[in-house]
Amino acid sequence: MRPLCPIDIERVRVRAELDAYAVLEREERQTKLTFKRQDNAERRRGLMAASLLLTKSMASEAYEAAEEALLALGIDDDIELFQTSTGGHDTARLVLYGDPLGVEFINGYLGQLDRGALLAVLGHEFGHAVAHAGHAEHAWTAAVSSHRNAANKRAHQLAKEFTADRFGLLACRDLDAALRLEMRTMAGRSAGSIVFDTTSYLEQSRTVVEDLLARGETLSGSSHPEHYVRAYAEWLFTQSDLYVDITGQGPATRSMEEVDSVLGALLGIRPRVPAPSVATQSTITPLAGPTTATAMTGATTEHERAGLLTDGARQTLSAAGSAISHVARAVAPSLHRAAERLRGGLSPENQPSQPAPREVDPLEEDRRALEARFEQLEREWKDK
């Protein structure tokens, strides 16, 4: 497999992750300042006591796949694989963040994966290593655990998984393999009796997500996004200009700005400015009030609906409607109509005249809007 880079991590990182990161950084300055990195030697000693260190003679195919994934991602590091049994779910996790990288397979997960799915799993975990746990700027966010920031942390955590999934795709360069992995993870130990029809599964995923977008709703999930949304996000990434630029594969029918705008809408995060070069320049602007489509149902005319929004929310909604409409043209007509209604209702010629804006602190305004939005999301999650 031809090595891809080294890959520019920030080109791959999901934009919504940066927007959520900016909120955590602003609220958790002390946590960032006092964060201490993992001692790899100490962590490895603990793993040796609780897990089996697999050698190449014990798991030759797994090591071959790991080396292939490292090569594909342009990562120059050693790798160690571990096996443990917990009695819980079959899964894998990143346990050493560099020098060497370490991945632990839990229960029977390793034996369930075909070569493509194994590459996707390993690429996902390596993505977490280079973009999160082993990253100089982002590693500290794992220490954020206070209840006050539960909603903020959740948004950031889900966005991180979307980023890692992109690395998984870049490691295997096979959408079907990534979709099989999602199906197998959901099916668990009953997967042996299932035919992995990835075409049907992708159709299901698109139906579910396009309905969420059309209704202006956000995804579910606490530590990981729901599987249909992950599958949809992986498909979107393979359609992007970035994916074809890196791998030489795919139709390049969508810009990364469009793709990231859709993911931001699913997470309830709206970017306020063009993508920055570093995470600390990002801001987050949630929707004012309820979700996009349902927030405006109380107004009787397009002018009244537009008048319910702040200028900032109007601009971000218009951008989201534009991005969603690009997706809708190739998929659900109902989503296309919803996006066009958003864009039409929020266009400059349809907006009523507004009084001069008050002079306010934009950070304070963002903070109040963000807290209101996340409080609403928390209520919705508790009701589900």
Side-chain angles (χ1 to χ4, degrees), residues 1 38 40 43-73 75 77-134 160-198 201 223-225 227 230-231 234:
M1 181 179 289
Q38 170 187 267
N40 238 28
R43 174 61 174 160
R44 187 176 183 278
R45 178 66 189 96
L47 284 167
M48 294 290 287
S51 305
L52 172 65
L53 171 62
L54 299 175
T55 64
K56 291 184 179 181
S57 62
M58 296 177 187
S60 59
E61 292 184 1
Y63 271 99
E64 288 174 4
E67 290 167 359
E68 183 177 342
L70 289 173
L71 178 64
L73 297 176
I75 299 173
D77 205 342
D78 294 326
I79 175 70
E80 290 186 338
L81 303 178
F82 297 84
Q83 174 66 50
T84 191
S85 177
T86 65
H89 295 296
D90 296 352
T91 188
R93 62 176 180 172
L94 180 71
V95 289
L96 297 175
Y97 308 154
D99 194 27
L101 291 170
V103 175
E104 181 179 45
F105 293 94
I106 299 174
N107 300 323
Y109 198 52
L110 178 57
Q112 299 170 13
L113 302 174
D114 59 59
R115 178 65 170 232
L118 179 57
L119 284 170
V121 167
L122 290 166
H124 177 100
E125 301 306 332
F126 296 160
H128 275 315
V130 297
H132 304 131
K160 284 167 59 177
E161 294 302 322
F162 285 135
T163 295
D165 282 346
R166 290 179 176 179
F167 281 94
L169 269 169
L170 293 174
C172 69
R173 287 177 253 181
D174 183 351
L175 177 60
D176 283 339
L179 296 177
R180 288 197 304 272
L181 177 61
E182 298 295 344
M183 296 174 71
R184 186 176 293 280
T185 299
M186 292 308 300
R189 296 171 189 176
S190 63
S193 61
I194 295 174
V195 174
F196 291 103
D197 182 353
T198 56
Y201 179 64
S223 63
H224 292 70
H227 67 102
R230 291 182 74 171
E234 289 167 334

Checklist outcome for this item: Taking every heavy atom of Ala171 against every heavy atom of Ala72, the minimum-distance pair comes out as O-CB, 3.9 Å
Item to check | Rounded distance [0.5 Å steps], CE in Met183 versus OG1 in Thr185 | outcome: 11.0 Å
Checklist entry - Which pairs pass ring-ring contact (aromatic ring centres under 6.0 Å, His included) with one or both residues in residues 81-113, sequence neighbours excluded? => result none
Checklist outcome for this item: Hits for side chain to side chain contact (heavy atoms under 4.5 Å, CB included) against Asp78, two or more places apart or cross-chain, chain-then-number order -> Pro100
Checklist outcome for this item: Hits for side chain to side chain donor-acceptor pair (under 3.5 Å) against Asp77, two or more places apart or cross-chain, chain-then-number order -> none
Next on the checklist: So, using side chain to side chain donor-acceptor pair (under 3.5 Å) as the criterion, who are the partners of Ser193 when residues are at least two apart?
Outcome noted: none
Checklist entry - Hey, are Glu68 and Arg115 close enough for a salt bridge, meaning a charged N less than 4.0 Å from a carboxylate O? => result yes
Checklist entry - Got a sec, which residues hit salt bridge (Lys or Arg N to Asp or Glu O under 4.0 Å) with Glu61, two or more places apart in sequence or on another chain? => result none
Check: residues 119-134 side-chain donor-acceptor pairs under 3.5 Å, at least two apart:
from	atom 1	to	atom 2	distance (Å)
His124	ND1	Asp165	OD1	2.9
His124	NE2	His128	NE2	3.2
His124	NE2	Glu161	OE1	3.0
Glu125	OE1	Leu94	N	3.1
His128	ND1	His132	ND1	2.9
His128	NE2	Glu161	OE1	3.3
His128	NE2	Glu161	OE2	3.2
His132	NE2	Glu17	OE1	3.2
His132	NE2	Glu17	OE2	3.1

Item to check | Residues which pass salt bridge (Lys or Arg N to Asp or Glu O under 4.0 Å) with Arg184, listed by chain and number, not counting sequence neighbours | outcome: none
Checklist outcome for this item: Between Ser51 and Thr84 the two heavy atoms that sit nearest each other are OG-CB, 3.6 Å
Checklist outcome for this item: Sorted by chain and residue number, the salt bridge (Lys or Arg N to Asp or Glu O under 4.0 Å) partners of Glu182 (sequence neighbours excluded) come out as Arg230
Checklist entry - Considering all heavy atoms of both residues, which atom of Cys172 and which atom of Ala177 are nearest to each other, and what is their separation? => result SG-CB, 4.4 Å
Checklist entry - Do any pairs count as a salt bridge (charged side-chain N to carboxylate O under 4.0 Å, His left out) and have a residue in residues 103-112, sequence neighbours left out, and if so which ones? => result Arg93-Glu104
Checklist outcome for this item: Minimal heavy-atom distance between Gln112 and Gly188, with the atoms involved, is OE1-O, 4.4 Å
Next on the checklist: A side-chain contact here means heavy atoms from C-beta on lying under 4.5 Å apart; do Val103 and Val95 qualify?
Outcome noted: no
Checklist entry - Are any side-chain N or O atoms of Asp176 and backbone N or O atoms of Thr198, one a donor and one an acceptor, separated by less than 3.5 Å? => result no
Checklist entry - Ser85: what forms a side chain to side chain donor-acceptor pair (under 3.5 Å) with it, not counting sequence neighbours? => result Asn107
Checklist entry - Can you name the salt bridge (Lys or Arg N to Asp or Glu O under 4.0 Å) partners of Asp90, sequence neighbours left out? => result Arg189
Checklist entry - How about Met58 and Thr55: do any of their side-chain heavy atoms sit closer than 4.5 Å? => result yes
Checklist outcome for this item: Separation between CG (Leu101) and CD1 (Ile79), nearest 0.5 Å, reads 5.5 Å
Next on the checklist: Using 0.5 Å steps for rounding, measure from the CG atom of Leu110 to the CG atom of Leu118.
Outcome noted: 6.5 Å
Item to check | Electrostatic pair Lys56-Glu64, nearest N-O below 4.0 angstrom | outcome: no
Checklist entry - Looking at residues at least two apart in the chain, or sitting in another chain, which of them share a side chain to side chain donor-acceptor pair (under 3.5 Å) with Tyr201? => result His227
Next on the checklist: Any non-hydrogen side-chain atom of Ile106 less than 4.5 Å from a side-chain atom of Thr91?
Outcome noted: yes
Checklist entry - In Å and rounded to the nearest 0.5 Å, what is the OG to NZ distance from Ser223 to Lys160? => result 10.5 Å
Checklist entry - Quick one: CG on Leu52 to CG on Leu47, what's the gap to the nearest 0.5 Å? => result 11.5 Å
Checklist entry - Which atom names give the shortest non-hydrogen contact between Leu54 and Ala59, and what distance separates them? => result CD1-CB, 4.1 Å
Checklist entry - Rounded to the nearest 0.5 Å, how far does CG of Asp197 lie from CZ of Arg180? => result 12.0 Å
